[in-house]
Amino acid sequence: TKDAAWFTDSVNQVLYKVPVGENGMPGTQADVEVVPLTGDIVFQQGFNVNGIDATPNGSTLVIVQSNTGMLFTVDPSSGATTEIDLGGDDVTNGDGILLDGKTLYVVQNFFNQVAKVSLDAGLSEGEVVSLTSDPRFDVPTTVAEFGNALYLPNARFNDAPTPDTEYWITRIRKP
């Protein structure tokens with residue numbers, strides 16, 4: 001957001017808020033706020049919340065719960081979550097997310113695909129409208145955009161890393 005960087009914790013039901021000064025510098029460790037997540041979200045065994053993004057004005061955060069495939073909005077001032085109703089769809093293995101207007105791109109890491117979710121104006125409902133894969137995907141974990149393209153770094157979690165392991169970013173057109 002304009003005044004903070006937000007981080008998820010996959011095993012603890014909290015978000016971390018790191019204040020960002022006018023100069024763009026993050027606050028100190030003492031400035032970090034732990035924001036408990038309450039409301040609709042219920043953490044389970046395994047990896048829970050991974051991806052996070054914010055509306056342009058920073059008044060709402062959007063998160064994905066990887067192990068359940070559920071999406072939530074978060075009130076950043078309270079940590080209260082509200083489920084985004086996907087009408088029976090899910091985005092299991094959701095990792096990085098990108099909110100682009102009322103379109104949410106969810107990287108489904110071990111499925112090697114990107115789910116495109118069309119959201120309503122209030123961010124209370126959504127529908128998975130497409131799933132995009134690419135043969136160059138090797139467990140993509142997050143996503144960034146530039147122009148009409150998405151950029152996805154590949155974590156290659158299925159390969160044991162060595163000093164010679166190659167990593168790459170895959171560029172695809174926005175679905």
Side-chain angles (χ1 to χ4, degrees), residues 1-2 4-18 20 23-29 32 34 37 41 43-56 58 61-72 74 84 86 89-119 126-175:
T1 62
K2 292 178 182 172
W6 290 87
F7 299 90
T8 60
D9 187 324
S10 298
V11 294
N12 295 297
Q13 198 163 321
V14 299
L15 296 178
Y16 300 98
K17 178 182 179 184
V18 179
V20 176
N23 61 359
M25 295 298 295
T28 67
Q29 179 69 35
V32 174
V34 179
L37 293 173
I41 197 165
F43 268 42
Q44 300 180 9
Q45 289 274 31
F47 287 101
N48 286 273
V49 176
N50 273 334
I52 187 168
D53 205 349
T55 56
L61 304 174
V62 177
I63 58 175
V64 61
Q65 189 173 11
S66 293
N67 50 3
T68 66
M70 298 169 71
L71 297 171
F72 300 87
V74 181
I84 298 173
L86 294 180
D89 287 336
D90 69 69
V91 287
T92 302
N93 285 343
D95 204 336
I97 64 174
L98 173 70
L99 184 60
D100 184 14
K102 298 301 178 224
T103 299
L104 182 70
Y105 297 99
V106 181
V107 179
Q108 293 179 279
N109 54 26
F110 284 102
F111 292 160
N112 283 313
Q113 66 187 17
V114 178
K116 179 180 178 181
V117 179
S118 177
L119 299 168
E127 176 185 7
V128 177
V129 295
S130 70
L131 299 172
T132 302
S133 188
D134 188 286
R136 298 169 294 165
F137 285 168
D138 192 353
V139 193
T141 54
T142 195
V143 59
E145 69 179 327
F146 183 77
N148 200 29
L150 298 177
Y151 295 80
L152 300 100
N154 293 279
R156 305 200 63 201
F157 289 145
N158 293 318
D159 298 310
T162 71
D164 298 322
T165 300
E166 293 184 16
Y167 295 90
W168 62 91
I169 295 171
T170 302
R171 178 186 181 269
I172 62 171
R173 291 188 60 81
K174 283 185 182 175

Engineer: Dump the intermediate steps for side-chain contact (heavy atoms from CB on, under 4.5 Å) on Asp89 and Val117, then the final yes or no.
Structural biologist: CA-CA 10 Å; Asp89 287 336; Val117 179; over 6 Å; no
Engineer: Counting N and O atoms only, with roles assigned by atom type, does the side chain of Thr142 sit under 3.5 Å from a partner on the main chain of Gly96, one being a donor and the other an acceptor?
Structural biologist: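 Checked: no pair found.
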Engineer: Decide yes or no for Leu37 and Leu15: does some side-chain heavy atom of the first lie under 4.5 Å from some side-chain heavy atom of the second?
Structural biologist: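 A side-chain contact exists here, since the closest heavy-atom pair is under 4.5 Å.
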Engineer: Going by the side chain to side chain contact (heavy atoms under 4.5 Å, CB included) test, name the single residue among Val62, Leu150, Leu104, Leu152 that passes it with Leu98.
Structural biologist: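 Per the side chain to side chain contact (heavy atoms under 4.5 Å, CB included) rule, the option paired with Leu98 is Leu150, out of Val62, Leu150, Leu104, Leu152.
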Engineer: Cut-off 3.5 Å, side chains only: do Asp90 and Thr92 have a donor facing an acceptor?
Structural biologist: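 Distance-only check passes for Asp90 and Thr92.
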Engineer: Does Gln44, at its CD atom, have more than 12 non-hydrogen atoms belonging to other residues, nucleotides or ligands within less than 6.0 Å?
Structural biologist: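 Count over threshold, so yes.
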Engineer: Tell me, please, which residues at least two apart from Asn48 pass side chain to side chain donor-acceptor pair (under 3.5 Å).
Structural biologist: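 Listed in chain order: Gln65, Asn67.
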Engineer: For Asn109, give me all partners under side chain to side chain donor-acceptor pair (under 3.5 Å), at least two apart in sequence or on another chain.
Structural biologist: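 Applying side chain to side chain donor-acceptor pair (under 3.5 Å) to Asn109 gives Asp95.
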Engineer: Just wondering, do Ile97 and Tyr105 contact through their side chains at under 4.5 Å, heavy atoms?
Structural biologist: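 Side chain of Tyr105 against side chain of Ile97, heavy atoms only: no contact under 4.5 Å found.
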Engineer: Taking all atoms of both residues into account, what is the closest heavy-atom pair of Ala155 and Thr141, and its distance?
Structural biologist: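 So the minimum-distance heavy-atom pair works out to CB-CG2, 3.4 Å.
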Engineer: Mind checking what makes side chain to side chain donor-acceptor pair (under 3.5 Å) contact with Thr132, not counting sequence neighbours?
Structural biologist: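 Counting only residues at least two positions away or on another chain, Thr132 forms no side chain to side chain donor-acceptor pair (under 3.5 Å).
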Engineer: Measuring from atom CG of Leu99 to atom CG of Leu61, what distance do you get when rounded to the nearest 0.5 angstrom?
Structural biologist: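 Going from the CG atom of Leu99 to the CG atom of Leu61 covers 10.5 Å.
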Engineer: Indicate yes or no: at least one non-hydrogen side-chain atom of Val49 is less than 4.5 angstrom from one of Phe43.
Structural biologist: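 A side-chain contact under 4.5 Å exists here.
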Engineer: Show every salt bridge (Lys or Arg N to Asp or Glu O under 4.0 Å) that has at least one partner inside residues 147-162, sequence neighbours left out.
Structural biologist: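 As it turns out, the salt bridge (Lys or Arg N to Asp or Glu O under 4.0 Å) pairs with a partner in residues 147-162, which skip direct neighbours, are Asp138-Arg156, Arg156-Asp159.
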Engineer: Asn112: what forms a side chain to side chain donor-acceptor pair (under 3.5 Å) with it, not counting sequence neighbours?
Structural biologist: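 Asn112 satisfies side chain to side chain donor-acceptor pair (under 3.5 Å) with no residue once adjacent residues are dropped.
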Engineer: If you measure from OG1 on Thr1 to CH2 on Trp6, what distance do you get to the nearest 0.5 Å?
Structural biologist: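 It is 7.0 Å, given to the nearest 0.5 Å.
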Engineer: Can you give me every donor-acceptor pair (side chain of residues 167-175, partner residue at least two apart or in another chain, under 3.5 Å) with its distance?
Structural biologist:
from, atom 1, to, atom 2, distance (Å)
Trp168, NE1, Arg136, O, 2.9
Trp168, NE1, Thr170, OG1, 3.3
Thr170, OG1, Arg136, O, 3.4
Thr170, OG1, Asn154, ND2, 2.9
Arg171, NE, Tyr151, OH, 3.2
Lys174, NZ, Asp100, OD2, 2.8
Lys174, NZ, Glu145, OE1, 2.5
Lys174, NZ, Gly147, O, 3.4

Engineer: Let me confirm one number: the CG-OG1 distance from Leu119 to Thr103, rounded to the nearest 0.5 Å.
Structural biologist: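 One finds 7.5 Å between CG of Leu119 and OG1 of Thr103.
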Engineer: Identify the two heavy atoms, one from Ser10 and one from Asn50, that lie closest to each other, and give their separation to 0.1 Å.
Structural biologist: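 That would be OG-OD1, 2.6 Å.
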